[in-house]
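In listed order, ligands and their atoms are each counted from 1. Note that the numbering runs from 1 along the sequence shown for the chain.
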Amino acid sequence: MKLIICIVQNEDSRLLQDELTKASIRTTKLSSTGGFLRSGNTTFLLGVEDDRVQKALKIIEDNCASRTQTIINPPTIDYSLDPGFSYPIDVDVSGATVFVLDVDQFIKF
Ligand code: 2BA
């Protein structure tokens, strides 16, 4: 069994949850916050049998779109040098950031 941890944009989370559920892939959905944009995103936990991992990844790929977001004052700029300084930058956000981990044990009580 694998644990798929999948971070997606909020805009895609409803459809993704629906499609995974339709495919009988169980999900847990968590509200999360990106460290860079400091805005909300959604993290899914999927416990998936090994032979269903590719199916789950395909559903994620097909239902999550990359988008460009414009932000003011990116956190990587040192504003102490000039507090009045600010400018917008475009950030390309992936459709999904996915980690696939081996599961040692899967237990339900
Ligand atoms: P955020 O941390 O809010 O990052 C949003 C987007 O900002 C990133 O998109 C990337 O394009 C950009 N970005 C992030 N850190 C940056 C930096 N130091 N300098 C310049 N640009 C930066 P994605 O890479 O597609 O990431 C989307 C979201 O997925 C992230 O939201 C974060 O919540 C999560 N994520 C991505 N990589 C991760 C990782 N290695 N570990 C944990 N979470 C990750």
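Residue Gly34 has at least one heavy-atom neighbour below 4.0 Å for each of these atoms of ligand 1: 1 (P), 2 (O), 3 (O), 31 (O), 33 (O). Heavy-atom contacts of Gly35 reach the following atoms of ligand 1: 1 (P), 2 (O), 3 (O) (cutoff under 4.0 Å). Those atoms of ligand 1 with a heavy atom of Val91 less than 4.0 angstrom away are 6 (C), 7 (O), 11 (O), 12 (C). The ligand atoms of ligand 1 that sit less than 4.0 angstrom from a heavy atom of Leu37 are 1 (P), 3 (O), 5 (C). Close approach to Asn41 involves these atoms of ligand 1, each under 4.0 Å from a residue heavy atom: 28 (C), 31 (O), 33 (O). Close approach of ligand 1 to Val93 (heavy-atom distance below 4.0 Å) involves ligand atoms 9 (O), 25 (O), 27 (C).
Under the 4.5 Å side-chain heavy-atom criterion for Ile, Leu, Val, Met, Phe, Trp and Tyr, Leu45 and Leu101 are members of the same hydrophobic cluster. Residue Val93 is not grouped with residue Ile60 when hydrophobic side chains (ILVMFWY) are merged at heavy-atom distances under 4.5 angstrom, including chains of intermediate members.
Here the side chains of Ser13 and Lys29 are in contact, with some heavy-atom distance below 4.5 Å. Put simply, the side chain of Thr28 does not reach to within 4.5 Å of the side chain of Thr43, judged on heavy atoms. The shortest distance between side-chain heavy atoms of Lys2 and Val53 falls below 4.5 Å.
When heavy-atom distances to ligand 1 are checked against a 4.0 Å cut-off, Thr97 comes that close only through its side chain, counted from C-beta outward.
Between Phe99 and ligand 1, not a single N/O pair is under 3.5 Å apart.
Between Asp92 and Thr68, the side chains place a donor N or O and an acceptor N or O closer than 3.5 Å (distance only, hydrogens not considered).
Considering CG of Leu16 and OG1 of Thr21, their distance stands at 8.5 Å, rounded to 0.5 Å.
When Ile71, Asp92, Val98 are ranked by how near their heavy atoms come to atom 10 (C) of ligand 1, first place goes to Asp92.
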